[in-house]
Amino acid sequence: MTSRVVVAVIVPGLQVQAWIAGLRSAVEAAGWVYHEDWGEAWIRPAESNCFVVSWTDVLPQGDAVVVVVGGVDDAVAGCAAFYQLSEADGRRLASARLAGASDLIAGGALVLRPDRLNYIPGIGDIPELQGKVAPSPNSPLAFYETLPPSIGASASWTADLMWEGQDPIRPAAEGAIDLTGRARLLRFGPFLTLPQGFWQVDVDLTIEVETTRLLLTADWGVGLDLETLDLSIEQSGRYQLSLVREWRSPGLAQFRLALKRAVFSGRLNVEQIVCRRVVSPDCASMASEIRSSTLSIGEMSA
């Protein structure tokens, strides 16, 4: 019989780490060789079925891939603890690992979750970990509760995830922004990784215009691959804007809002930012660029 190598890609998590011991026991009980890959050289035993647990970003060669992942909150806590990071940096790393896992699962990888009974062909049942943790509906990564994120899955991004200023850059403060002063970047972030697909950001704004119209620019995308919307606001009110961009590969999401021209007065408050996965635009309605069919801004109330 031909021997096989199954590679298990791990999204670090506190529950995941507690569950790994049971996984190892089941693998060894089935007569397979269990190996944890930390990036070092390893010689595979000849003519043996091997189960390789990968803790790195580099995917070892194998005949099949499985993804071991807990809930979103578990991934954030696990990445922070495992790599000794702050909660914010743990969240960013978790988003990157979850995005990579999403693409592997979309490509056909089997999913193993500690909070349920799992079955691995050739190995058997892997018991679930007792003590399930309910997911937080307010997580900035809530769309990752299913992998890959389903169409319509969304998450809200609060002010503490964003940044402001240019010299120096600093965490965004809550509440209204005094627009008085030079043209500048008002808000940007949150630099969380999204997987492949079309992603939309919906932003609710409250704007006070006192003496002159405001010229703003909103951007959405990855790096320099941004969708841009120019806004001319002449009266106070509540406004909503939406931008859609395609992620062709996992990348850091960035929403930017900038004041294009200096003003002597005015205030702006970012009430809500929601990121959601959406269906791809109808190919028949797409021109050379997506922006004509996927961007909109409308006044919510005067």
Side-chain angles (χ1 to χ4, degrees), residues 7-27 36 51 53-57 59 65-120 125-158 160-161 190-197 199 247 250-253 273-277:
V7 175
V9 176
I10 305 295
V11 177
L14 301 182
Q15 283 194 314
V16 168
Q17 288 173 277
W19 180 77
I20 287 292
L23 172 64
R24 178 171 187 168
S25 296
V27 168
E36 294 197 1
F51 192 91
V53 173
S54 175
W55 293 94
T56 71
D57 293 329
L59 186 65
V65 176
V66 300
V67 174
V68 180
V69 58
V72 168
D73 295 338
D74 187 53
V76 173
C79 284
F82 196 77
Y83 295 98
Q84 297 183 336
L85 301 173
S86 66
E87 180 181 357
D89 288 338
R91 184 186 300 116
R92 293 188 186 95
L93 178 57
S95 72
R97 300 298 285 267
L98 290 166
S102 294
D103 285 353
L104 289 174
I105 295 167
L110 178 69
V111 185
L112 304 179
R113 298 195 62 134
D115 60 356
R116 69 188 185 197
L117 179 67
N118 297 274
Y119 173 77
I120 304 175
D125 292 334
I126 314 297
E128 65 183 293
L129 187 70
Q130 299 301 312
K132 298 180 181 179
V133 178
S136 169
N138 300 320
S139 170
L141 301 176
F143 40 69
Y144 278 127
E145 282 302 334
T146 59
L147 297 180
S150 58
I151 299 299
S154 65
S156 296
W157 291 342
T158 51
D160 60 304
L161 299 175
F191 304 110
L192 299 174
T193 304
L194 300 179
Q196 294 184 59
W199 291 88
W247 265 244
L252 296 173
I273 300 176
V274 176
C275 174
R276 71 182 75 249
R277 190 178 182 197

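Here the structure is a predicted model, which means the values were calculated and not measured. Reckoned from all heavy atoms, side chains included, excluding hydrogens, waters and symmetry mates.
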Taking only residues two or more places apart in sequence, or in another chain, which ones meet A109 in a side-chain contact (heavy atoms from CB on, under 4.5 Å)?
V65, V67, L104
Measure across D74 and V16 and return the closest heavy-atom pair with its distance rounded to 0.1 Å.
OD2-N, 3.5 Å
Can you pull out every ring pair (Phe, Tyr, Trp, His ring centres under 6.0 Å) where at least one residue sits in residues 136-155? Sequence neighbours excluded, please.
F143-W199
Could you tell me which residues satisfy side-chain contact (heavy atoms from CB on, under 4.5 Å) with A88, sequence neighbours excluded, listed by chain and number?
S86, R91, R92
For S54 and V7 the tightest heavy-atom approach is CB-CG1, 4.4 Å
Going by side chain to side chain donor-acceptor pair (under 3.5 Å), name the residues that satisfy it together with T158, two or more places apart in sequence or in a different chain.
D160
With side chains defined as the heavy atoms from C-beta onward, is the minimum distance between L161 and I273 less than 4.5 Å?
no
Nearest 0.5 Å, please: how far is CG in L194 from SG in C275?
5.0 Å
Which residue pairs satisfy the salt bridge (Lys or Arg N to Asp or Glu O under 4.0 Å) criterion with at least one member in residues 100-110, sequence neighbours excluded?
none
Can you check whether P250 reaches Q196 side chain to side chain, under 4.5 Å on heavy atoms?
yes
Rounded to the nearest 0.5 Å, how far does CG of D125 lie from CG of L117?
5.0 Å
List in chain and number order the residues that pass side chain to side chain donor-acceptor pair (under 3.5 Å) with R277, two or more places apart in sequence or in another chain; answer none if no residue qualifies.
none
Sorted by chain and number, sequence neighbours left out, side chain to side chain donor-acceptor pair (under 3.5 Å) with R113 holds for none
Nearest non-hydrogen partners of Y83 and W55, listed with the distance
OH-O, 3.6 Å
Side chain to side chain contact (heavy atoms under 4.5 Å, CB included) between W19 and L112, intermediate numbers included:
CA-CA 10 Å; W19 180 77; L112 304 179; 3.9 Å; yes
First locate atom CD of E145, then atom CG of D73, and finally report the distance between them rounded to the nearest 0.5 Å.
6.5 Å
P140 backbone acceptor or donor facing W157 side chain under 3.5 Å
yes
Beyond-backbone contact of V53 with E36, side-chain heavy atoms, under 4.5 angstrom
yes
With A77, which residues qualify under side-chain contact (heavy atoms from CB on, under 4.5 Å), at least two apart?
L14
Side-chain contact test, heavy atoms from C-beta onward, threshold under 4.5 Å: evaluate it for F51 versus I120 and give yes or no.
yes
Are the side chain of W247 and the backbone N or O of G251 linked by a donor-acceptor pair below 3.5 Å?
yes
Is S95 reaching over with its side chain to a backbone N or O of T193, donor-acceptor style, under 3.5 angstrom?
yes
Could I get the full list of side-chain contact (heavy atoms from CB on, under 4.5 Å) partners for S156, not counting sequence neighbours?
Q272, V274
Could you tell me whether the side chain of L85 reaches within less than 4.5 Å of the side chain of L93, counting heavy atoms only?
yes
Looking at every heavy atom in both S102 and P195, which two are closest together, and how far apart are they?
CB-CB, 4.0 Å
